[in-house]
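Computed from a prediction, not measured in an experiment: that's the story for all the values here. Order of appearance sets the numbers: ligands from 1, and atoms from 1 within every ligand.
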Amino acid sequence: MSDSTSTLRNRKPTASESTPTESPDLAKPAKPPTSGFLAALLLLLGVLGLLGLAGAAGTYIYNQNPGHYFWPEPREPWKAIPGDTEWTVDFSADVPKRDAIVAAFKHAWSAYERDAMGNDEYHPIARKGTNLTEAGGIGYTVIDSIDTMLLMGLNDEYARARQWVESSMTLDRDANFNTFETTIRVLGGLLSAYELTDGDQLYLDRAVDLADRMLPVFDTPSGLPYSQVNLAKRVGVADSDNRGLVSTAEASTLQLEFRYLGYLTDNSDYWDKAEHVMKVIRQARLPNGLTPIFMSSDAGKFMTSDIRLGSRADSYFEYLLKQYLQTGSVETIYREMYDDSMQAIHDNLIETSKSGKLLYTLEIHPKRLAHNNQMSWIRTLKQDHLVCFLGGSLMLGATTAGAFTGRVSIPPNVSELSPVGQRDWATGVSLVETCVDTYRTASGLSPEIVHFREKIDGGKGDWYIKDARPPGMPPVYDARYILRPETVESLFIAWRLTGHPKYRAYGWDIFQAIETHCRVPGGGYASVLNVEEVPVQWEDKMETFLMSETLKYLFLLFSDDTVLPLDEYVFNTEAHPLPIFSPSVRAGLF
Ligand SMILES: *[C@@H]1O[C@H](CO)[C@@H](O)[C@H](O)[C@H]1NC(C)=O
Ligand SMILES: *[C@@H]1O[C@H](CO)[C@@H](O)[C@H](O)[C@H]1NC(C)=O
């Protein structure tokens, strides 16, 4: 029986993750910081000392913005849109490739349906299902897959899935479920099924049932949600693994779903509670937009913890932009928060690779110095596959929040974008190329986590898998590919915004690698344990996001551009499309 917390999409059990409650080792700055960095660090330590924070035991709440002290000089914005403009924009469907993606979906779904229908998760090699908890399934895989079937026109499969929802699905499960995962997969999936069926009441009824069971998670001193919920008892439950803290992404990735449900039902409770979270985050924000990964639900404050764009942070940034887009770009407060965040990311978390050819994102970690017990900050040149959503997100933001006109050209004409939009476009384009580069491995699949080399590092290549072991040895965690979608998600957005055929070519290569190495002949797809080892070793798990996200974004990449246009839909972070609407429920934040 799998434990729901071990399946968290935004969680990874790496040794390197420091939690805000651990007492760190002697800081070992593996990388020589720049002198500006060092000077700023000393300044930060001085300030913390002055405030009496550095000597206190236990966890910390930021009152100061580290970025403000770290890197006082903003970077030069990237100016140019890469000059490559010589291609013919043709958005017609590539039918043979699109059909190949549909065939892959059927290969995945039919095995699940044969062996594990109604179970939350699927193991294609053992040919069995498991549930998140012992209390029984909540439709995790079925609900997550329904909108993909509808888009692909798989009517028979769809009819059986709907039948299951109608006659077998129950949410009355006496166990703790992750608030964030349940929202993005189940609530998001129900709402997009409602949308794509032009309003099949069954899905709205189920969505209301689920949301009502979940609403008590917001009953905390601050209004930030508890990270778990007991669906039968209808109570929020603090996360025992992390001393009751909630991760930033978990708190801030419920809003598209609860807001849309509020709009559909005219029940402002859904809207207000989700929006209130954003108000708390906005008030707690560090002055220039840097966002640590943990918050306290009691205090409504950020905790001293890692600052990064991968797990526990990623979809916070995604949803800032998408909340702005969801209601037709009228809620400028989200655009301001988004702009601040993108500025902070450019100032602090983006670096150029050793060869100078790739842009990538890095992380900063708090460490307490053993000799004087003071806080220090360390850069780690590490990028999760999860961060690969950011390239497409920046491109989408550049052509919406960062555009002078309501609708930009395809590809955007530089004069249509604001200076910030031009910067974000250029960074987004480059980050997509970097993520594609991480697929240039023996298998053609990307590792879960890559590290980048310092300029002074004599090793070969711009990036590497840390502590990688030779084929035949037990692989490190970072070396795996678990069918993740973020790169093909960015490729889909980049394709729709540019019409550049290279994005389809990249997506097709990735799909071929999945077909070659992840496809289980008897049905389904498995995760790969080491992307640099061929033939591959499998892990017996088909993540639900293969059917909800990876294959959906690939399908959309090869469909024509009338399918889910980006100016009519926002995708939730599990790739469930929700329509852009004019809000009838208007609450306090804007
Ligand atoms: C998972 O839950 C469903 C009920 O929803 C049940 O039919 C199935 O047997 C459970 N699976 C396992 C492995 O216990
Ligand atoms: C870019 O847009 C401006 C203003 O709309 C227009 O004058 C110019 O011709 C456009 N350039 C290109 C290359 O399309």
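Looking at ligand 1, you won't find any N or O of Gly129 less than 3.5 Å from one of its N or O atoms. Annotation: Arg173 places an N or O atom under 3.5 Å from an N or O atom of ligand 1; distance criterion only.
Near Asn131, with a cut-off below 4.0 Å to any heavy atom, the atoms of ligand 1 are 1 (C), 2 (O), 3 (C), 8 (C), 10 (C), 11 (N), 12 (C), 14 (O). Ligand-side atoms of ligand 1 in range of Gly136: 2 (O), range being under 4.0 angstrom from any heavy atom.
Test Trp271, Phe258, Tyr270 against Phe218 for ring-ring contact (aromatic ring centres under 6.0 Å, His included) and you get one pass: Phe258.
Between the side chain of Tyr481 and the main chain of Arg484, a donor-acceptor pair closer than 3.5 Å is present.
A tilted orientation is assigned to the rings of Trp508 and Phe511, their planes being inclined by 30° to 60°.
Nearest heavy atom pair, residue Ala108 against residue Tyr525, reads CB-CD1, 3.9 Å.
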